[in-house]
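Step one of this worksheet: look at the structure below.
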Amino acid sequence: MSFTLAQPVHSELVIKKSRFIGCVQPVADRAAALAVVASLRAEHPAAAHVCWALMAGGQSAANDDGEPGGTAGRPMLEVLRHQQVEGALATVVRYFGGVKLGAGGLVRAYTDAVAQALLGATLVPLLRQRSLRCLVPYALEGLVRRELAAAGAVLEGVQHGDDVAFAFSLPEPEADAFIARLGDAAQGRVVWPQE
């Protein structure tokens, strides 16, 4: 099962005089992540590096921001992946303290900054949504609307033609039971067009 974060969580480590300010936070996509990174650069103009890792499905990415290749962004991304966190951005702002840490030391520092933040995070189960469409006679429109509301479904659209067409989504684990319940309530007069 995948998780997302309830809210941003910060951490701070000092390793051999270098200061590592970590944060993990929920983000919707790569554009939102890049906006957060840009704001961190503006907020910390004296920082040596602003490294980040984004876990967001097909938009996942990592950036070392000038640190030796593979010592910051990729290890941060692996922490998110290992914790099964999705839709999240990990950032670490580094203020260089004058002592070089070496490749292994950098990997540990960036990994620890993200791991420390995740220790304080509230993880929320991420439920896969299933999109559905159904057609019902006009007389059943009210019934379907009530059933959708009771199930906590997200109504994405309603079209009125020969019948009433509903487009909605609900958590995957609840979809089959909902289809059966609606079929029973409507006495079999629900049509589920194949997409």
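Keep in mind that the numbers below use all heavy atoms, side chains included, and drop hydrogens, waters and symmetry copies.
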Under a 4.5 Å cut-off applied to non-hydrogen side-chain atoms, are Pro171 and Arg130 in contact?
no

Find out whether Leu5 and Val124 are in side-chain contact, i.e. whether some heavy atom of one side chain is under 4.5 Å from a heavy atom of the other.
no

Within the 4.5 Å heavy-atom criterion, are Val164 and Pro137 side-chain neighbours or not?
no

Thinking salt bridges, do Arg181 and Asp176 make one under a 4.0 Å N-O criterion?
no

State whether the side chain of Asp64 and the backbone N or O of Glu67 hold a donor-acceptor pair below 3.5 Å, judged by distance alone.
no

Heavy-atom closest pair, residues Phe20 and Ala113:
CB-CB, 4.4 Å

Arg94 vs Val50, test: side-chain contact (heavy atoms from CB on, under 4.5 Å). Steps then yes/no.
CA-CA 6 Å; Arg94 179 185 182 196; Val50 179; over 6 Å; no

Any chance you could measure Thr111, atom OG1, to Leu77, atom CG, to the nearest 0.5 Å?
11.0 Å

Do Val136 and Leu182 have side chains that approach each other closer than 4.5 Å (heavy atoms only, starting at C-beta)?
no

If you apply the rule side chain to side chain donor-acceptor pair (under 3.5 Å), what do you find for Tyr95 with His49, and how did you get there?
CA-CA 7 Å; Tyr95 285 92; His49 307 280; over 6 Å; no

Answer with yes or no whether the hydrophobic clustering places Leu170 together with Leu143; edges join I, L, V, M, F, W, Y residues whose side-chain heavy atoms lie under 4.5 Å apart.
yes

The reported gap from CG in Asn63 to CH2 in Trp52 (rounded to nearest 0.5 angstrom) is 5.5 Å

Minimum heavy-atom separation for Ser169 and Glu156, please, with both atom names.
OG-OE2, 2.9 Å

Please find the pair of heavy atoms, one from Ala88 and one from Val27, that lie closest to each other, and give the distance.
C-CG2, 3.9 Å

Salt bridge between Arg189 and Asp163, side-chain N to carboxylate O under 4.0 Å?
no

Common cluster, Val14/Val107, ILVMFWY with side-chain heavy-atom separation under 4.5 Å
no

Connected via hydrophobic side-chain network under 4.5 Å: Phe3 and Val114
yes

Looking at Tyr138 and Gly161, what are the two nearest heavy atoms and their distance?
OH-O, 2.8 Å

Atom pair CD (Glu141) and CZ (Arg146), whose distance is rounded to the nearest 0.5 Å
10.5 Å

Below 4.5 Å, heavy atoms only, C-beta onward: do Val85 and Met55 meet side chain to side chain?
no

Return the CZ to CG distance between Arg30 and Leu89, rounded to the nearest 0.5 Å.
11.0 Å

Quick one: are Arg19 and Val93 in side-chain contact, heavy atoms under 4.5 Å?
no

Which is it for Asp65 and Val37 under the side-chain contact (heavy atoms from CB on, under 4.5 Å) test, yes or no, and what are the steps along the way?
CA-CA 11 Å; Asp65 191 37; Val37 172; over 6 Å; no

Between Phe178 and Phe168, is the gap from one ring center to the other below 6.0 Å?
yes

Same apolar cluster: Val154 and Val144, side chain cutoff 4.5 Å
no

Going by heavy atoms in the side chains, are Val79 and Met76 under 4.5 Å from each other?
no

Nearest 0.5 Å please: distance from the CG atom of Leu34 over to the CD atom of Gln59.
9.5 Å

Sub-4.5 Å side-chain heavy-atom contact between Ile21 and Val92:
no

Taking it one step at a time, do Leu123 and Thr4 satisfy side-chain contact (heavy atoms from CB on, under 4.5 Å)?
CA-CA 6 Å; Leu123 298 178; Thr4 192; over 6 Å; no

Are Val158 and Leu140 in one and the same hydrophobic cluster, where Ile, Leu, Val, Met, Phe, Trp and Tyr link if side-chain heavy atoms are under 4.5 Å apart?
yes

Atom OG in Ser18, atom CZ in Phe96: separation rounded to 0.5 Å?
5.5 Å

Candidate pair Phe166 and Arg145, rule side-chain contact (heavy atoms from CB on, under 4.5 Å), full reasoning
CA-CA 9 Å; Phe166 287 91; Arg145 286 182 182 273; 3.8 Å; yes

Does a sphere of radius 6.0 Å around CD in Gln129 hold more than 12 heavy atoms from other residues, nucleotides or ligands, not counting ones at 6.0 Å or beyond?
yes

Val24 versus Ala90, closest heavy-atom pair with distance:
CG1-CB, 4.0 Å

Considering all heavy atoms of both residues, which atom of Ala109 and which atom of Ile15 are nearest to each other, and what is their separation?
CB-CD1, 3.6 Å

